[in-house]
Undergrad: 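Here it is, the structure, as structure tokens.
All chains are named by letter (A, B, ...) in the order of the sequence lines, taking the proteins before the strands, and each is independently numbered beginning at 1. Computed from a prediction, not measured in an experiment: that's the story for all the values here.
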Amino acid sequence: MTDKEIIQLFQISDKAERAFNLLLQKYQQRLYFMVRRMVVIHDDADDIMQNVWIKIWKNLSNFKEESQLYTWLYRIAANETFTFLAQKKKKGTISFEIRREEDEVFDGADRLKADAYFDGDEIQHKLEQAIQSLPDKQKMVFQLKYYEEMKYEDMSAILGTSVGALKASYFHAVKKIEENLKKD
Amino acid sequence: MELDNQPDDDLKLSPLLENLRHKNPFQVPQDYFKRTEDKIMDKMRESKKVKIFSLHHLPKIGIGMAASLLLGIGIYTFLSTTSPQKMSSSDLREALKSLPKDEVNDYIIMNSNSLNNDLIAQTLDLNRQHFELNIKGLDSTTIDKYIDDIDEQFLTEQN
């Protein structure tokens, strides 16, 4: 079923629940992994996604059909993720933190190794360390392009940033990650 | 899915990264997505019950509803009577600060394609102004600092 059909179904009062369930089934995994790659820890991603879906449910009736549903969904998930990361940073209890000063230890690597739900080899650990060392918004840009192959135009609708700036941000993220991977 | 999965030249920027791209090391507990689907549907049904309950207690929440309505009218009136030509972006930003952030965020989400929403997004999102600068030709350290600053600013505004 297309997004448009799901929205049309949602507008029929006794079919709204069914439509929401279809939407959930269609986008649940994609949104979860987008959030998970940002926050790393499964429990954090789980908490965020539950809030995201409740917000989607509460606001779906006001969704304007002239925009793309999937960018709207991503926008909600991205905002919720950024808010979570900002709050965690303020509290100083971020689940996965990599300090950028040269002499500091990458405690994020230890967290990854301790996470029962991270199953990566050495190079994947290094890749995740490198990704997590990016500033949050650049990390989001990188993830959306690298893993999801999202068009910059769609990313622009989600993040409210110009296409040119997104391209520059992605390009620079790739260079930084490459440099990190080549170390040692 | 409406995503465009056409091959993208930017993904070929790094052969090293390209080789790692299709592996997903992030796992989830067994049956996680099915269980979560059930949990979210339960929460959704709960929120529906709350809504029905609220209607029966209208007098008790009348003030809150009136406040929300006034806020909605306030935003609408504010946007209807304000244009970039009439108000500077700093004035607009100051004015928007007086509104509760959650309400503004919800408004933006719900009106993501309207012209007025673009105005709000432009005003709230300082990144846009910064990103319009041409960063080509800057050295790597400067760009790093630039992106870090933007990111910090973005997160501050999100909070």
Undergrad: If hydrophobic clusters are built from ILVMFWY residues whose side chains come within less than 4.5 Å, do I7(A) and L31(A) share one?
TA: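 In one cluster with I7(A): L31(A), yes.
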
Undergrad: Counting only non-hydrogen atoms closer than 4.5 Å, does F33(A) touch chain B with its backbone (N, CA, C, O), its side chain (CB onward), both, or neither?
TA: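 Only the side chain of F33(A) comes within 4.5 Å of chain B.
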
Undergrad: Tell me every residue that passes side-chain hydrogen bond (donor to acceptor under 3.5 Å, both in side chains) with E5(A), counting only those two or more places apart in sequence or in another chain.
TA: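 Checked E5(A) against side-chain hydrogen bond (donor to acceptor under 3.5 Å, both in side chains); matches are T2(A).
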
Undergrad: Please rank R37(A), M49(A), Q50(A), E17(A) by heavy-atom pairs under 4.5 Å with chain B and give me the top one.
TA: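 Greatest number of close heavy-atom pairs with chain B: E17(A).
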
Undergrad: Mind checking the CZ-CZ spacing from F20(A) to R45(B)? Nearest 0.5 Å is all I need.
TA: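 Taking CZ in F20(A) and CZ in R45(B), the distance rounds to 10.0 Å.
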
Undergrad: If you measure from CE on M41(B) to CZ on R18(A), what distance do you get to the nearest 0.5 Å?
TA: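 Output value for this atom pair is 9.0 Å.
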
Undergrad: Below 6.0 angstrom between ring centroids: does that apply to H42(A) and F26(B)?
TA: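 Judged by ring-centre distance (under 6.0 Å), H42(A) and F26(B) do not meet the cut-off.
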
Undergrad: Taking every non-hydrogen pair under 4.5 Å, which of K34(B), E37(B), K43(B) racks up the most with chain A?
TA: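 Top option by heavy-atom pairs under 4.5 Å: E37(B).
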
Undergrad: Does any heavy atom of chain B fall under 4.5 Å from the side chain of Y146(A), the backbone, both, or neither of them?
TA: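 When you check distances to chain B, atoms from both the backbone and side chain of Y146(A) fall under 4.5 Å.
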
Undergrad: Decide whether F82(A) and I41(A) are clustered together by the hydrophobic rule: side chain heavy atoms of Ile, Leu, Val, Met, Phe, Trp, Tyr closer than 4.5 Å, transitively.
TA: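 Yes, because F82(A) and I41(A) connect within a single hydrophobic cluster, where side-chain heavy atoms sit under 4.5 Å apart.
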
Undergrad: Are V28(B) and D46(A) packed together at the side-chain level, in the sense that at least one heavy-atom pair is separated by less than 4.5 angstrom?
TA: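 SC-SC contact between V28(B) and D46(A) ruled out.
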
Undergrad: If you count every heavy atom of other residues, nucleotides or ligands that lies below 6.0 Å from Y32(B) atom OH, does the total exceed 12?
TA: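 Count over threshold, so yes.
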
Undergrad: Using heavy-atom distances under 4.5 Å, tell me whether L69(A) contacts chain B through its side chain, its backbone, both, or neither.
TA: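 L69(A) has no heavy atom closer than 4.5 Å to chain B.
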
Undergrad: Does I48(A) share a hydrophobic cluster with Y147(A), counting links as ILVMFWY side-chain heavy atoms below 4.5 Å and allowing steps through other members?
TA: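 Yes, because I48(A) and Y147(A) connect within a single hydrophobic cluster, where side-chain heavy atoms sit under 4.5 Å apart.
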
Undergrad: Within a radius of less than 6.0 Å around NZ of K15(A), do more than 12 heavy atoms belonging to other residues, nucleotides or ligands occur?
TA: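 No, not enclosed.
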
Undergrad: If Ile, Leu, Val, Met, Phe, Trp and Tyr residues are connected whenever their side-chain heavy atoms lie under 4.5 Å apart, and connections chain through other members, are I54(A) and V39(A) in the same group?
TA: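 Hydrophobic grouping puts I54(A) apart from V39(A).
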
Undergrad: Could you tell me if the side chain of T36(B) sits less than 4.5 Å from the side chain of L24(A), heavy atoms only?
TA: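 The answer is no, as the side chains (C-beta and beyond) never meet within the 4.5 Å cut-off.
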
Undergrad: Side chain of Q28(A), backbone of F33(B): donor and acceptor closer than 3.5 Å?
TA: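 Side chain of Q28(A) to backbone of F33(B): a pair is present.
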
